[in-house]
Amino acid sequence: EIYSEKYDVIKKNIFEENKQYCDVILGKGEPYQENINIQDGDTAGGNTSRFTARSLMGVPVRVQYDVYGTLLFFSSDICSANLRAAEQEILRLMAQWMGTEIERDDYLRQLRNYTGEIENKNVDLAGARDQALELSRLKSEFLATVSHEIRTPMNAVIGMTDLLLHTELSRDQREYAKIVNDSAQLLLKLINDILDFSKIEAGKIVLENIHFDLENAIDSIVDMFAPRIREKGIELIVYIAEDVPQVVNGDPLRLQQVLMNL
């Protein structure tokens with residue numbers, strides 16, 4: 001739609017589908033170039049300008065994972081070769097930039113709408129703040145209580161397995177007792193970590209930077225999963241490259257958490 005001040009009207013143009021070069025680019029789904037033949041007076045991609053074009057290149061514009069439109073370039077020269085890798089990358093970057101700007105504008109619009117809703121409802125911020133503080137207090141009390149209640153039996157498990165490891169045991173029994181002890185100690189560290197959630201929210205979490213034996217840290221995790229691995233009849237092999245030092249600096253607990261999740 002084109003607005004004309006001279007005639008104070010809106011001129012509407014409807015173009016035939018077979019003359020929309022956007023469809024070609026959308027069909028390819030990636031940076032594309034081809035030779036065309038547009039004479040003066042033809043329309044290309046909805047453009048009403050009169051010109052002569054011998055080639056085009058274009059790329060789809062995506063907003064998040066959805067195709068939003070196309071970015072087209074026309075030239076009066078005939079293209080003699082396919083798009084080079086650098087040209088394809090430039091087209092992708094331009095389309096990505098356009099998609100990001102469109103997405104940003106959409107987020108800003110949503111933010112303005114959300115802000116307007118808040119202002120229209122005249123939310124009582126002081127009351128909301130007091131409620132949030134009370135919820136935070138209750139959550140902290142709950143975490144402290146739960147972690148304390150769990151730590152008590154876990155300390156008992158660790159203490160009893162320590163005593164068990166100092167008794168006469170067979171090789172298999174000692175291995176099983178050690179796995180229980182290591183697992184219990186790791187679980188106790190994770191329980192203590194629950195209290196760190198309040199520190200994370202406050203932006204005060206600090207990673208440990210201590211010396212620890214990397215092989216022992218990894219073996220303790222593997223030992224925890226050993227019974228389940230044997231039940232499934234599979235084999236888990238841990239390989240540590242020769243150039244990796246045995247003693248490293250870092251946070252062994254966070255590393256073990258990552259390995260357990262993997």
Side-chain angles (χ1 to χ4, degrees), residues 29-30 62-66 92 96 103 132 134-262:
E30 58 185 13
R62 291 180 171 82
V63 178
Q64 294 185 349
Y65 297 103
D66 297 325
R92 287 194 185 96
Q96 181 181 356
E103 185 178 3
E134 178 64 13
L135 289 174
S136 178
R137 184 187 65 80
L138 293 174
K139 182 184 67 174
S140 298
E141 288 184 0
F142 172 77
L143 289 176
T145 301
V146 170
S147 61
H148 172 73
E149 295 297 329
I150 297 178
R151 276 200 301 261
T152 301
M154 287 306 303
N155 280 318
V157 171
I158 294 173
M160 294 305 295
T161 52
D162 277 336
L163 292 175
L164 183 61
L165 287 170
H166 287 82
T167 62
E168 293 293 333
L169 298 173
S170 66
R171 180 177 178 180
D172 288 343
Q173 289 173 334
R174 183 168 299 278
E175 178 185 354
Y176 298 153
K178 185 177 184 304
I179 292 175
V180 172
N181 187 269
D182 290 344
S183 300
Q185 292 193 38
L186 179 59
L187 182 57
L188 182 60
K189 292 177 182 178
L190 295 177
I191 293 169
N192 291 331
D193 236 21
I194 291 176
L195 295 178
D196 280 344
F197 284 129
S198 59
K199 297 180 181 178
I200 293 174
E201 292 174 348
K204 296 180 180 179
I205 187 67
V206 177
L207 295 177
E208 278 193 310
N209 186 20
I210 61 176
H211 295 288
F212 69 95
D213 189 304
L214 181 62
E215 184 175 346
N216 288 342
I218 296 176
D219 284 345
S220 65
I221 298 298
V222 175
D223 290 341
M224 288 178 57
F225 289 97
R228 293 172 59 187
I229 291 173
R230 282 195 291 265
E231 289 176 3
K232 295 179 179 292
I234 58 178
E235 185 178 17
L236 175 62
I237 299 175
V238 177
Y239 169 74
I240 302 177
E242 295 181 357
D243 58 346
V244 176
Q246 182 175 356
V247 178
V248 296
N249 280 351
D251 192 323
L253 175 60
R254 296 307 195 285
L255 174 62
Q256 289 176 317
Q257 285 179 278
V258 171
L259 293 176
M260 288 178 64
N261 288 329
L262 290 175

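For the single chain, residues carry numbers from 1 onward in sequence order.
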Looking only at non-hydrogen atoms, find the nearest pair between E208 and P252 and report the distance. OE1-CD, 4.3 Å
Under the side-chain contact (heavy atoms from CB on, under 4.5 Å) test, residues paired with L253 that sit two or more places apart: L186, K189, L190, D193, D251, Q257
Tell me, please, which residues at least two apart from E168 pass side chain to side chain donor-acceptor pair (under 3.5 Å). none
Non-hydrogen atoms of N249 and F212 that approach each other most closely: C-CE2, 4.1 Å
Residues that D219 engages under side-chain contact (heavy atoms from CB on, under 4.5 Å), provided they are two or more places apart: E215
Please enumerate all residues that pass side chain to side chain donor-acceptor pair (under 3.5 Å) together with E231, with sequence neighbours excluded. none
Which residues pass the side-chain contact (heavy atoms from CB on, under 4.5 Å) test with V258, sequence neighbours left out? L262
Minimum heavy-atom separation for T161 to A177, with atom names? CB-O, 4.3 Å
If I compare all heavy atoms of Q256 with all of A217, which pair ends up nearest, and what's the gap? NE2-O, 3.2 Å
To the nearest 0.5 angstrom, please state how far the CZ atom of F225 sits from the CG atom of L259. 9.5 Å
What donor-acceptor contacts under 3.5 angstrom involve side-chain atoms of residues 237-244, with partners at least two apart or in another chain?
none

T167: side chain to side chain donor-acceptor pair (under 3.5 Å) partners, not counting sequence neighbours: none
Which value, rounded to the nearest 0.5 Å, describes the distance between R62 atom CZ and E103 atom CD? 14.0 Å
CD on Q185 to CD1 on I158, rounded to 0.5 Å: 5.0 Å
Please list, chain by chain and in numerical order, all residues satisfying side-chain contact (heavy atoms from CB on, under 4.5 Å) with I179, sequence neighbours excluded. E175, S183, D223
Just by modelled atom types, is the L165 backbone N or O under 3.5 Å from a matching donor or acceptor in the R174 side chain? yes
Sequence neighbours excluded, the answer for side chain to side chain donor-acceptor pair (under 3.5 Å) partners of H166 is none
Can you list everything that forms a salt bridge (charged side-chain N to carboxylate O under 4.0 Å, His left out) with D162? Sequence neighbours excluded, please. none
Can you find a heavy atom in the side chain of L255 that is under 4.5 Å from one in the side chain of L214? yes
State, with a plain yes or no, whether a side-chain heavy atom of Y176 is found less than 4.5 Å away from one of V180. no
Beyond-backbone contact of I229 with E235, side-chain heavy atoms, under 4.5 angstrom: no
